[in-house]
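Start at 1 and go down the list; that is how both ligands and their atoms are numbered.
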Amino acid sequence: MNEPLDDHALDQIFRTARTYSAWLNKPVSDEMPQRIYDLMKWGPTSANASPARFVFVRSPASKERLRPALSPGNVDKTMAAPVTVIIAYDLLFFKKLPKLFPHSKGMRDLFASNPQLVEVTAKRNSSLQGAYLMIAARALGLDCGPMSGFDNAKLDEEFFGAGQECEGCEQEFFPAGSVKSNFLCNLGYGDPAGLFPRGPRLEFGEACSVL
Ligand SMILES: Cc1cc2nc3c(=O)[nH]c(=O)nc-3n(C[C@H](O)[C@H](O)[C@H](O)COP(=O)(O)O)c2cc1C
């Protein structure tokens, strides 16, 4: 039986967590991408398919590769962030189902024969996995700045090869061109000086019903 987290933890993950655009001059440690991944990977996905793929963009040279795809309003905050994560999805995610969902032998073929199901599953679950990533990052003391204001096709061409070989890429998911971006998330230690006043949220009665 789990105990509820204490108020400090709930504040850090939800109530006082903000979307940051300005960053303190404090680096994100080399271990953080792995620590974040090793937490967020446990979040549930359909058929345990885990379609999201993540690129942690850190070096100034790699950051520059993002620049042309960004909406003007997202350029400065992204260039200033210690890390920008590309939350993407692999449309060939089902190839890994024999490993990830071994007790259901037909699942791989079900996806292989249904591109629409592949697409909706990849988008839904990579969005969820992006949210798990933000919760994990906040739980580890980092701040987040999610963004969808960018040209997905341009970014995919640059980082995922859009069907062509990607010179110098090591990860097996780069060459196939089957990986598409979903959204971006800046990571770092946020500078509260750059915050807008907190926007309200819908009240329970505006967003929820209990039947
Ligand atoms: C998927 C997603 C896409 C977003 N896209 C952008 C964006 O392109 N540019 C931007 O400045 N903020 C973007 N935001 C930030 C939201 O406006 C922000 O999270 C929201 O207003 C809540 O702010 P708060 O966390 O400080 O309360 C995005 C947020 C999410 C979750």
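Remark: the backbone N or O of Ala22 is not paired with any side-chain donor or acceptor of Lys77 at under 3.5 angstrom. Counting only distance, with no hydrogens or angles, the side chain of Ser104 and the backbone of Phe101 share no donor-acceptor pair below 3.5 Å.
Within 4.0 Å of ligand 1, heavy atoms belong to protein residues Arg18, Thr19, Asn74, Lys77, Pro146, Met147, Ser148, Gly149, Arg198, Arg201.
Screening Ser178, Ser50, Ser126 for a side-chain hydrogen bond (donor to acceptor under 3.5 Å, both in side chains) involving Asp90 leaves a single residue, Ser178. Each of Val57, Leu70, Val55 was checked for a side chain to side chain contact (heavy atoms under 4.5 Å, CB included) with Leu184, and the lone residue meeting it is Leu70.
Ring geometry for Phe93 against Phe111 counts as perpendicular: the plane angle is over 60°, on a 0 to 90° scale with 30° as the lower cut.
Remark: Asp76 pairs with no residue by the side-chain hydrogen bond (donor to acceptor under 3.5 Å, both in side chains) rule, at least two apart or across chains.
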